[in-house]
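Everything on this sheet refers to the single structure shown next.
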Amino acid sequence: MKIWKKTGLCGLVCWLTLAALAQISPSLSISPGAGEIEKAVFLIEIDGLEAQSCYKIEIQYAGAVVFSTEIESDAAGHIPFLIRSTAGDQPGVYRVRALQNDSVVAQGEFELTAPSEQAANARVTVQPQRVAFGRPQAIHIGGLLPNLSHSIEIISDISQQLAYRRAHKSSPAGEIDFDIFAQAGDSPGAQVIAVYDEAGTLVALGDFFIEEPPARDVQLELRPSSVQAGDTVAVQVDGLAAFDAVSAQMLAADAVLVDALSSRASSDGAASLLFTTPAELAEGSYTIVIFVEGDEMMSASLLVGAVPTAAIAEQPAPSEAANTATIETSPQSAPIGSSHRVRASGLMAGESLVFEISLAGEVVFTTSQRADADGRASLELLTGDEDPPGEYTVKLLREAGNQPTANFVVTTPESAPPPPEPAPTSSTVQVIKSRLQNGSAQVSFLGTAGRMVELRVESAEFDPAASLIGPDMALMLANDDSRGSKNPSLGPLALRESGNYTVEVVGAPLMMPQGADSGAFQVEIEEVLPAPLRPGETAFALTAESPRRYYRLALAAGDTVSVGIDSGGALDSLLQLIAPDGGEFAFDDDSGGGLDAELSNLAIEQSGDYILVVTSFDERAGSGALRLERNPVRQLGEEVAAVALNDKSVRERFVFSAAAEELLVLNIRKRGGDVADLLVRASIEGMEVMSHSTMGVPDALPLPFVMPMSGQVLLTLEKVGVDDGISLDVSLQRPG
């Protein structure tokens, strides 16, 4: 064995930075006690030695010395060092001895185990091999060992950018299947898929190709471009990059009239936004401004009221085909649970359309399409238990030409119980009333892909818990209590596909073995249109009609975010941050001044769009200022970084880059204070590569670990418990 050069059986790194109390007699400890060949790293510590004295360190295998060196103890009589297994090592028990004047003063053992079994015939296939940017590809990995966790990486062959890293468990047949698609930030070109087993061994490779995304050629279309106050306008944006974030504002001079439109482009680079103009809007010309990824891109004029003669003259005359569209429904009458097919014909090829479905004058569903090459379009409408019976109207909204309508009737099956009586709804909020039966109930609603919704369950008779189930019958979200009340909320979250969604309500909260068997409740389904929120102060107002405000924050892994409210005592404010998957990420009631809420130093681990919900405890009207601070994540290196953890700031984050198989040592020194428990965690793309927790914090805490993969590491230090806090010095050592 030699000092860490990878030239002998084992590598050894020595550093003299620890202090330990002197022991009556020397002791030698090794952690862990065993590890796999070519992967194991052992921390060896010898205490109770004479201060600043020279000792000989030997490592023996099968009775022969395979490594020998001399190391001087520190002022506390302590010697620490790392040893790592390298190529050529043999499995078996190794003995570590510390000698002084050829006498053994301390010794211990560790074991190297044989490599774990690997899949010999693993293979990767991708279908299709070459796709346009944003189009999905099916990944199949076969020939793996069954029922084992595997790490899968996708790396750009040109830029070496890591685009994907996830853990997947192989099936009993030794297979893994999943779909991927390129999104914003990914590099086009050749891609390499690497599959690693639980031991970090590469077991399979594959490749595929992503074509260059087309350059943005943004086109904006308002349908229609002239409306009466209170009418609905469809905003169609084409020529975007796949999955671009798109938002819109309606402006009058310098005033923002509508500031809550948002969507994401499809893989084809198209996005649709729909909004209703204010009913009291004065006649005139208004501006619709489009933002792409937060940057203003283009605008168009919307005429409200009587259209000026000059404007009419400027509009191109529609073709004959644009005035002869027809629409029909089949069947025209059917019970709840049946489907109604809507067919439109006589359209222009490729024409943009909006199907609008209403009941008793209230719009309950909209969706957009394009006519095919023959000037036709169709829509399948499936009614569910939440749809009240009655006569529904389908209207075809077009920019030019006639706008035909057709009706269909939804009836109640004779064998079915009467449906719950719907509460009054608006164009953006649907309310469904129902009751528990035998402790549970289900209500359904028709969702549209791309729309963001929030679901709130309220009951005055029992403590409800709720779950959201998607069209594929998979559980999406679950919640018990939310925003300081016993009532649950789900989301806001963007629906990923169109279809029937189910809200399951139970009378047994998550932490209670028993609950209500019956009781009335209602589910509110609100379409949420969050406004973008940027760092700095933003004024907001809560009203009886709008007791909640929603804001969108585009955050990246490693960001640290603080959000606070100053209402001057006007509100008992609440703040809730919703993660991209719709689950609650953080919540606060009274951490700010007075009764105002504050979210301090939130550590973001998953990149994506977060939704900030601003409301009050009793939904009281009032106004205030919302303050957002987005702090850049700190870089960690060999220079010492100061960290202070307390009840106002319970965690600190750092990032650094590391290579696969690289040995790292995280050095933590306590400068003052103490905490009940310190949690230290390192992860890459959400995958944990190191974790350590303490009960109290020693004066010096070295944490060695080897990176199983390359990438940017996110390091989190978090305190647990109520205490006076702690101050630390943190640095990163790269012994290799």
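Owing to the predicted nature of the structure, the values given are computational and were not obtained by experimental measurement.
- For the pair Ser73 (side chain) and Gln52 (backbone), a donor-acceptor distance under 3.5 Å is present.
- Here OG of Ser727 is found 10.5 Å from CG of Asn646. Values are rounded to the nearest 0.5 Å.
- Interatomic distance, OG of Ser591 versus CG of Asp596, reported as 11.0 Å (0.5 Å rounding).
- Summarising the geometry of Asp207 relative to Val126, their closest heavy-atom pair is O-CG2, 3.9 Å, with the distance given to 0.1 Å.
- Asp74 contributes a side-chain N or O that, together with a main-chain N or O of Ala76, makes up a donor-acceptor pair within less than 3.5 Å.
- With respect to Asp647 and Lys719, a salt bridge is recorded, a charged nitrogen being found less than 4.0 Å from a carboxylate O.
- Exactly one residue among Tyr61, Phe67, Phe42 makes a ring-ring contact (aromatic ring centres under 6.0 Å, His included) with Tyr94. That residue is Tyr61.
- Note that CG of Leu666 and CG of Leu717 are 6.5 Å apart. Values are rounded to the nearest 0.5 Å.
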* **Working for salt bridge (Lys or Arg N to Asp or Glu O under 4.0 Å), residues Arg634 and Glu652** => CA-CA 9 Å; Arg634 300 170 68 181; Glu652 181 64 275; 3.1 Å; yes
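- Taking every heavy atom of both residues into account, Leu574 and Ile565 meet most closely at O-CD1, 4.3 Å.
- Here the shortest heavy-atom pairing between Leu626 and Tyr551 reads CD2-CE1, 3.8 Å.
- The SG atom of Cys54 sits 11.0 Å away from atom CG of Leu99, with the distance rounded to the nearest 0.5 Å.
- Expressed to the nearest 0.5 Å, how far NZ of Lys56 lies from CZ of Arg97 amounts to 8.5 Å.
- Proximity of Ile46 to Val96: side-chain heavy atoms (C-beta onward) are nowhere separated by under 4.5 Å.
- Under a 3.5 Å cut-off, the side chain of Asp588 and the backbone N or O of Ala597 do not form any donor-acceptor pair.
- Leu714 has its side chain within reach of Arg653: a pair of non-hydrogen atoms, C-beta onward, lies under 4.5 Å apart.
- Atom CG of Asp47 sits about 5.0 Å away from atom NE2 of His78, to the nearest 0.5 Å.
- Using a distance-only test at 3.5 Å, with no hydrogens or angles considered, a donor-acceptor pair links the side chain of Gln191 to the main chain of Gly189.
- A donor-acceptor pair is defined here as one N or O able to donate and one able to accept, closer than 3.5 Å; such a pair exists between the side chain of Asp674 and the backbone of Val697.
- Scanning both residues, Asp609 and Arg552, for their nearest heavy atoms gives OD2-CD, 3.7 Å.
- Here the side chains of Tyr610 and Leu612 are not in contact, with every heavy-atom distance at 4.5 Å or above.
- For the pair Arg483/Val613, a side-chain contact is recorded, criterion being any heavy-atom separation below 4.5 Å from C-beta on.
- Put simply, the side chain of Thr69 never gets that close to the backbone of Ile57: no donor and acceptor are under 3.5 Å apart.
- Remark: of the listed residues Leu628, Leu577, Val614, Leu628 is the sole one forming a side-chain contact (heavy atoms from CB on, under 4.5 Å) with Val563.
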* To do: Evaluate side-chain contact (heavy atoms from CB on, under 4.5 Å) for Glu45 paired with Ile79, printing each intermediate quantity in order.
  => CA-CA 6 Å; Glu45 295 187 89; Ile79 292 178; over 6 Å; no
* Asked: How far apart are the C-alpha atoms of Glu109 and Arg95, what are their side-chain angles, what is the distance that settles it, and do they pass the salt bridge (Lys or Arg N to Asp or Glu O under 4.0 Å) test?
  -> CA-CA 4 Å; Glu109 294 179 344; Arg95 181 179 297 273; 2.6 Å; yes
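- Looking at Asp566 and Glu537, their side chains never come closer than 4.5 Å, going by heavy atoms from C-beta outward.
- In this structure, Val105 and Pro26 approach most closely via the heavy-atom pair O-CB, 3.6 Å.
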* Going through the distances and angles, do Met476 and Leu493 end up as a side-chain contact (heavy atoms from CB on, under 4.5 Å)? -> CA-CA 10 Å; Met476 299 173 62; Leu493 80 161; 3.7 Å; yes
* To do: For Thr716 and Leu679, run side-chain contact (heavy atoms from CB on, under 4.5 Å): C-alpha distance rounded to whole Å, both residues' side-chain angles, the deciding distance at 0.1 Å, then the answer.
  => CA-CA 8 Å; Thr716 303; Leu679 303 180; over 6 Å; no
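- Nearest heavy-atom pair, Leu599 versus Ala586, reported as atom, atom and distance to 0.1 Å: CD2-CB, 4.1 Å.
- Between Phe654 and Leu732, the closest side-chain pair of non-hydrogen atoms is not below 4.5 Å.
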* To do: Any chance you could lay out the salt bridge (Lys or Arg N to Asp or Glu O under 4.0 Å) test for Glu638 and Arg734, step after step, and finish with the verdict?
  => CA-CA 8 Å; Glu638 294 185 0; Arg734 302 177 187 264; over 6 Å; no
* Asked: Where do Ile726 and Leu678 land on the side-chain contact (heavy atoms from CB on, under 4.5 Å) test, with the steps shown first?
  -> CA-CA 10 Å; Ile726 191 171; Leu678 178 67; 5.5 Å; no
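- Within the 4.5 Å cutoff, the side chain of Ile37 has heavy atoms near those of the Pro91 side chain.
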